[in-house]
A.B. asks: 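Below are the structure tokens for one structure; questions will follow.
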Amino acid sequence: MEKTDLLSLFPEELEQFAVSHGEKAFRGRQLAQGLANGARCFRDITTLPARFVETLEQTAEIRGMETERKLVSKLDGTVKFLFALQDGEAVESVFMRYRHGNTVCISTQVGCRMGCAFCASTKAGLVRSLEPSEMLLQVRRAEEETGETVSNIVLMGMGEPLDNYDNVLRFLRLVNRKEVLGIGMRHISLSTCGLVERMDRLAKEDLQLTLSVSLHAPTDEKRREIMPIARKYSLRELLAACDRYTAATGRRISYEYALIAGVNDTPEDAHALGKLLRGRLAHLNLIPVNPIREKAFRRSEQQAIQTFAQITEGTYRVSTTVRRRLGGDIDASCGQLRANRETRE
Ligand code: SAH
């Protein structure tokens, strides 16, 4: 029998769990408290009676996750983690210090099936989706390992969050609960390569999170060359979904654009992109591409980046920032540590 994964449950579900095993509801609250305090086994929760501990050991589990590697950047204190999951798979998370608070970038899947040409996480395809507990543990472990509190979460690590929709939504609602982490939706960003139907579904959830959309090219032709998802949804369909999302939630969308030398970084590209985003409730985040070992993508020259940003912001009035690079000395871009782990083995 599969054991119930308690870290994926809401506090009221833990109460129900207690009641359904013949205990009073307050035992469920004690259990929730124990889990929130970081208990790694039921015996750690000393408020629980021995008979309930025994039942729990037979029917339920507190998922574990071990820190397999921890790399601290000498440049900016960014910490990169490789966490081993219970089944031996591994995911990456990154802890970053910003002025607005500590941020953890978490993974939502082991691997990814979206196949973007420049991305290290997707090279070996999708292994499996993560459980809500496994996303929660990435935040918890980052806090434990650094001794600092996390105030922001970004779902921009390995995986496509909207390809693991139900578990991701449960995770978001879990961390939102004050009994669990108490991190508000406005402190959470979710990045997608543009799964249109799922974006529409997300819009209906009425969450105040920030949606990031990975654009990476200003025309369908160019986008199809680097992102397979562009063969399924055209830019027109994608941007229409973005507009529906903004209309439903009132939230500005953040568009991600990885600048790749000679691929999508010319002034013409900037003009085409400016025309696409002009007049929309949009923020443009330009990311100098992180070259990955297997592909010959090069980062754009500093001058090309500046010119690009001047066009989108100056000519088209699209709010534009160039992403500051954190953890450049520790392979901090997602997917690279896990990929190296596979080649080492
Ligand atoms: N699957 C989601 C979230 C994961 S990746 C998505 O596609 O949005 C988070 C961001 O990093 C995405 O914008 C992704 O396109 C980008 N990215 C992936 N590989 C990169 C690389 N080598 N250099 C720069 N950005 C990269």
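Bear in mind the structure is a predicted one, so any value in this text is a computation, not a measurement. Whatever order the structure lists ligands and atoms in, that order sets their numbers, starting from 1. Numbering of residues begins at 1 and proceeds along the displayed sequence.
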A.B. asks: Work out whether the distance between some heavy atom of H216 and some atom of ligand 1 is less than 4.0 Å.
C.D. replies: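 In this structure, H216 qualifies as a contact of ligand 1 - some heavy atom is under 4.0 Å.
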A.B. asks: Backbone or side chain, does any N or O of E256 fall under 3.5 Å from an N or O of ligand 1?
C.D. replies: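 No: no nitrogen or oxygen of E256 is under 3.5 Å from one in ligand 1.
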A.B. asks: Return the CD1 to CD distance between I45 and Q30, rounded to the nearest 0.5 Å.
C.D. replies: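 The distance works out to 9.5 Å.
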A.B. asks: Check the pair S107, E92 against side-chain hydrogen bond (donor to acceptor under 3.5 Å, both in side chains), reporting the backbone distance first and the verdict last.
C.D. replies: CA-CA 6 Å; S107 297; E92 297 178 24; over 6 Å; no
A.B. asks: Regarding E145 and K70, does a basic nitrogen lie under 4.0 Å from an acidic carboxylate oxygen?
C.D. replies: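 Salt bridge present between E145 and K70.
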A.B. asks: Check E179, E12, E205 against R173 for a salt bridge (Lys or Arg N to Asp or Glu O under 4.0 Å) and give me the one that passes.
C.D. replies: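 Considering E179, E12, E205, a salt bridge (Lys or Arg N to Asp or Glu O under 4.0 Å) with R173 is found only for E205.
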A.B. asks: Report yes if P161 has an N/O atom closer than 3.5 Å to an N/O atom of ligand 1; otherwise report no.
C.D. replies: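 In fact, backbone or side chain, P161 has no N or O that close.
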A.B. asks: Compare every heavy atom of L9 with every heavy atom of L174, then report the nearest pair and how far apart it is.
C.D. replies: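 So the minimum-distance heavy-atom pair works out to CD2-O, 3.4 Å.
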A.B. asks: Any chance the rings of F308 and Y257 have centres within less than 6.0 Å?
C.D. replies: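 That pair passes the under 6.0 Å test.
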A.B. asks: Among G157, S107, G194, S191, which one puts a heavy atom closest to atom 4 (C) of ligand 1?
C.D. replies: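 Looking at heavy atoms only, the winner is G157.
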A.B. asks: What part of T192, side chain from CB on, backbone N/CA/C/O, both or neither, has a heavy atom under 4.0 Å from ligand 1?
C.D. replies: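 It is the backbone that touches ligand 1; the side chain stays farther off.
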A.B. asks: Hey, which atoms in ligand 1 end up nearer than 4.0 Å to a heavy atom of G159?
C.D. replies: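 Those qualifying, in numeric order: 1 (N), 2 (C), 3 (C), 4 (C).
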A.B. asks: Would R141 pass as a cation-pi partner of F81, given that its NZ or CZ must be under 6.0 Å from the six-membered ring centre and within 45 degrees of the axis?
C.D. replies: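 Pair R141/F81 does not count as cation-pi.
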A.B. asks: Tell me whether I287 has any N or O atom under 3.5 angstrom from an N or O of ligand 1.
C.D. replies: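 N/O-N/O distance below 3.5 Å does not exist for this pair.
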A.B. asks: With heavy-atom distances below 4.0 Å as the criterion, list the atoms of ligand 1 near C119.
C.D. replies: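 Numbered from 1, ligand 1 contributes 18 (C), 19 (N).
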A.B. asks: What atoms in ligand 1 come closer than 4.0 Å to a heavy atom of N290?
C.D. replies: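 Taking each heavy atom of N290 in turn, ligand 1 has 21 (C), 22 (N), 23 (N), 24 (C) under 4.0 Å.
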A.B. asks: Which atoms of ligand 1 are found less than 4.0 Å from any heavy atom of C193?
C.D. replies: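 Atoms satisfying the 4.0 Å criterion: 6 (C), 7 (O), 8 (O).
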